[in-house]
Student: 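Attaching a single structure in structure tokens format; questions to follow.
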Number of protein chains: 2
Amino acid sequence: MDKSPEVLLELVERLGNLLRAEFRRAGADEQLQPVHVHALVYLTRANRYSNTPQAMAEYLGLTKGTMSQSLLLLDRRGLIERYQDDLDRRVVRLRLSTSGEQFLYDAQPQSAWQHATRNISPNRIRNAVSALRETLTTFQSDNDGQPFGTCNGCRHFERLSARAYRCGLMGDRLSGPEARKICWLYEEKGGGVEEDEE
Amino acid sequence: MDKSPEVLLELVERLGNLLRAEFRRAGADEQLQPVHVHALVYLTRANRYSNTPQAMAEYLGLTKGTMSQSLLLLDRRGLIERYQDDLDRRVVRLRLSTSGEQFLYDAQPQSAWQHATRNISPNRIRNAVSALRETLTTFQSDNDGQPFGTCNGCRHFERLSARAYRCGLMGDRLSGPEARKICWLYEEKGGGVEEDEE
DNA sequence: AAAAAATAGTTTCGAGTCGATACTTTGCAA
DNA sequence: TTGCAAAGTATCGACTCGAAACTATTTTTT
């Protein structure tokens, strides 16, 4: 009987807690809750399709009502800016304000973690990443949640030339940096579960 | 420049969120918050030195005041029992009640996760476990938090015979199952780092 | 084109989290 | 004995969070 999956669960749980505590510490000066810090971090990593309240709520596992509250607070504190989408006027777009960027720069909510992996060889880290990534994918398809991946590996990702990319779903051209950001339209490429188009 | 540590951070963060959402779902029927479910799960895994409010607060990253509130709620709902320690009457001991055990049995807060690792080879899981465990240890010693490990690997662990163990710090004999539970007196045993196979 | 349904987001409500602070009881050491 | 540290509890206020009702747009149906 192998207990490894349980142990892995426990480690992820435990590290998740510590990360949360770290976010709490990082936000303490500004009176921010962990979820607020997490929201700001998310904004630095979300691509142009994913900088909306809804995508953020999915990502953080909250309802849209709850999300709305947190965004209200971040807006009041001047850490984010909200503006309307040109094409669909129901949609609100989000971005970090200058002081939001400054806050993340000062608080460095992720540095303690980065530091904690310093003794582990890149190869072991890559192995761990691959195992966890697969777990995440399985977990998400089991619970049919939004996927949230980056472009490489996405079914809609098209390479036009050496440096030019394109999202086949939205039809937009993408810059290299943008192709590395988080997208909530992500869909697993090949071999996966068929989508029912009805 | 290798981005793997960042990616690992993001995966742990993301899986931690999903786990939290899973705990939320598991507790929804009984109107329990994620932290309550987590507390109950902790109790099933804590050894005899670690079933106190203080250890639990350390584990969950809360203050003792906050912990006291949650325990009050769990007690009111009849999911845990609190009793006094014989030797030190300031200390409160905690255990799951029968309905607490029943709740965990019914809600299965961890089964979705267990299921999500089904396609990953035991060997890859073990490698991931080893990398995360090391990250956890480094993180904890960086932030001088309580360690929380299990007996094997602990500096105080002594093997009396094939099936008999002893904690050198507390001087108690330990059963095999108990030696596999979580202990907040855990201290790292000096030792080498193993490289991945494969 | 008008009506209906769906979608993005906001508001309101109530129970609960959470840290800070002050407090009680118990243990321990000078 | 006196003082102080430790384990836990109680209280307060700002905030989280889901649920449900609501507004404003867009899309679909008729």
Side-chain angles (χ1 to χ4, degrees), chain A residues 17 20-39 49-77 79-94 146 184-185 198, chain B residues 17 20-40 49-77 79-94 146 184-185:
Chain A
N17 264 347
R20 199 179 169 73
E22 194 60 21
F23 277 7
R24 195 181 291 286
R25 185 199 57 69
D29 282 354
E30 295 276 351
Q31 310 259 56
L32 296 176
Q33 301 288 322
V35 72
H36 300 149
V37 177
H38 207 158
Y49 308 131
S50 311
N51 59 352
T52 67
Q54 185 168 34
M56 206 169 190
E58 294 261 6
Y59 188 86
L60 298 176
L62 308 176
T63 61
K64 56 184 183 171
T66 300
M67 197 69 254
S68 191
Q69 288 310 300
S70 292
L71 292 173
L72 195 65
L73 181 148
L74 291 172
D75 197 0
R76 272 202 308 262
R77 305 276 182 90
L79 295 166
I80 62 170
E81 287 163 10
R82 297 198 274 190
Y83 56 100
Q84 241 179 12
D85 186 88
D86 292 333
L87 298 174
D88 187 336
R89 289 193 303 169
R90 292 170 304 182
V91 172
V92 170
R93 299 273 161 198
L94 305 166
Q146 285 298 334
W184 77 319
L185 304 173
E198 199 231 334
Chain B
N17 264 348
R20 198 178 170 74
E22 193 61 21
F23 277 8
R24 195 180 291 285
R25 186 200 57 70
D29 283 355
E30 295 276 351
Q31 311 257 58
L32 297 177
Q33 302 285 325
V35 70
H36 300 149
V37 177
H38 208 158
L40 295 176
Y49 308 131
S50 312
N51 60 351
T52 66
Q54 184 167 35
M56 206 168 190
E58 294 262 6
Y59 186 86
L60 298 176
L62 308 176
T63 61
K64 57 183 184 172
T66 300
M67 197 69 255
S68 192
Q69 289 311 298
S70 293
L71 292 172
L72 196 64
L73 182 149
L74 290 172
D75 198 0
R76 274 201 307 264
R77 304 278 182 91
L79 295 166
I80 61 169
E81 288 163 11
R82 298 198 273 189
Y83 56 100
Q84 241 179 13
D85 186 87
D86 291 335
L87 298 174
D88 187 335
R89 288 192 304 169
R90 292 172 304 182
V91 173
V92 171
R93 299 274 161 195
L94 306 166
Q146 284 299 333
W184 77 318
L185 304 174

Student: With a 4.5 Å cut-off on side-chain heavy atoms, are A:Q84 and A:V91 touching?
Tutor: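 Contact flag for A:V91/A:Q84 side chains = no.
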
Student: In the 5'-to-3' direction, what one-character label does each nucleotide of nucleotides 22-30 of chain C receive under the scheme B = base within less than 4.0 Å of a protein heavy atom, S = sugar-phosphate only, - = no such atom?
Tutor: ----BS---

Student: Suppose we screen for salt bridge (charged side-chain N to carboxylate O under 4.0 Å, His left out). Which residues come up paired with A:R77, at least two apart in sequence or across chains?
Tutor: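 In terms of salt bridge (charged side-chain N to carboxylate O under 4.0 Å, His left out), with neighbours along the sequence ignored, A:R77 is linked to no residue.
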
Student: Name all residues meeting the side-chain hydrogen bond (donor to acceptor under 3.5 Å, both in side chains) criterion together with B:S50; count only those two or more places apart in sequence or in a different chain, and write none if there are none.
Tutor: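 With neighbours one apart ignored, the set is B:N47.
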
Student: CE of B:M56 versus P of C:dC18: gap in Å, rounded?
Tutor: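 B:M56 atom CE is separated from C:dC18 atom P by 12 Å.
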
Student: Is B:T66 side chain donor-acceptor paired with the C:dG19 base, going by distance under 3.5 Å alone?
Tutor: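 By the distance-only test, yes, there is a pair.
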
Student: From the list C:dG9, C:dT10, D:dT9, which nucleotide is the closest neighbour of the side chain of A:R82?
Tutor: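 Comparing C:dG9, C:dT10, D:dT9 against the side chain of A:R82, the answer is C:dT10.
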
Student: More 5' along DNA chain C: A:V91 or B:G65, using each one's nearest nucleotide?
Tutor: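 It is A:V91 whose nearest nucleotide is closer to the 5' end.
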
Student: How many whole angstroms separate atom CZ of B:R24 from atom C1' of C:dA15?
Tutor: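 After rounding, the reported distance stands at 13 Å.
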
Student: A:R93 has an atom CZ; how far is it from atom P of D:dT25, in whole Å?
Tutor: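 Spelled out: CZ on A:R93 to P on D:dT25 is 17 Å.
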
Student: I need the residues from residues 26-35 of chain B with at least one non-hydrogen atom less than 4.0 Å from DNA chain C; give them sorted by number, or say none.
Tutor: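 Contacting residues: B:Q33, B:V35.
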
Student: Taking CG from B:L60 and C1' from C:dG16, how many angstroms apart are they, rounded to a whole number?
Tutor: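 Going from B:L60 (CG) to C:dG16 (C1'), I get 16 Å.
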
Student: Given atom CG of A:N51 and atom P of C:dA8, what is their separation to the nearest angstrom?
Tutor: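 Result: 14 Å.
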
Student: For B:T66, which residues count as a side-chain contact (heavy atoms from CB on, under 4.5 Å) partner, sequence neighbours excluded?
Tutor: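 Per chain and number, B:T66 pairs via side-chain contact (heavy atoms from CB on, under 4.5 Å) with B:L62, B:T63.
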
Student: How many whole angstroms separate atom CZ of A:F23 from atom P of C:dC18?
Tutor: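 So the two atoms are 16 Å apart, to the nearest Å.
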
Student: Among all residues two or more places apart in sequence or in another chain, which pass the salt bridge (charged side-chain N to carboxylate O under 4.0 Å, His left out) test with A:R89?
Tutor: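 A:R89 satisfies salt bridge (charged side-chain N to carboxylate O under 4.0 Å, His left out) with no other residue.
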
Student: Name every residue in residues 69-77 of chain B that has at least one heavy atom under 4.0 Å from any atom of DNA chain D, in order of residue number, or write none if there are no such residues.
Tutor: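 Heavy-atom contacts with DNA chain D come from B:Q69.
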
Student: Expressed in angstrom and rounded to an integer, what is the separation of A:L62 atom CG from C:dG9 atom P?
Tutor: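 Between P of C:dG9 and CG of A:L62: 14 Å.
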
Student: For B:R90, enumerate each residue passing the side-chain contact (heavy atoms from CB on, under 4.5 Å) test, keeping only those at least two apart in sequence or located in another chain.
Tutor: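 Partners of B:R90 by the side-chain contact (heavy atoms from CB on, under 4.5 Å) criterion, ordered by chain and then number, come out as B:D88.
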
Student: Go through the structure and list residues passing salt bridge (charged side-chain N to carboxylate O under 4.0 Å, His left out) with B:E81, not counting sequence neighbours.
Tutor: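 For B:E81 the salt bridge (charged side-chain N to carboxylate O under 4.0 Å, His left out) partners, ignoring immediate neighbours, are B:R95.
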
Student: Who pairs with A:S68 by side-chain contact (heavy atoms from CB on, under 4.5 Å), at least two apart in sequence or on another chain?
Tutor: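 A:S68 satisfies side-chain contact (heavy atoms from CB on, under 4.5 Å) with no other residue.
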
Student: Can you measure A:M67 atom CE to D:dA20 atom P for me and round it to whole angstrom units?
Tutor: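 A:M67 atom CE is separated from D:dA20 atom P by 21 Å.
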
Student: Looking at residues at least two apart in the chain, or sitting in another chain, which of them share a ring pair (Phe, Tyr, Trp, His ring centres under 6.0 Å) with A:Y59?
Tutor: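 A:Y42, A:F148.
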
Student: Can you pull the salt bridge (charged side-chain N to carboxylate O under 4.0 Å, His left out) pairs that have at least one residue in residues 65-75 of chain B, sequence neighbours excluded?
Tutor: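 Of all non-adjacent pairs touching residues 65-75 of chain B, those that pass salt bridge (charged side-chain N to carboxylate O under 4.0 Å, His left out) are B:D75-B:R82.
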
Student: If you define the side chain from C-beta out and look only at heavy atoms, does anything of B:R24 sit under 4.5 Å from B:Q33?
Tutor: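 Sidechains of B:Q33 and B:R24: in contact.
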
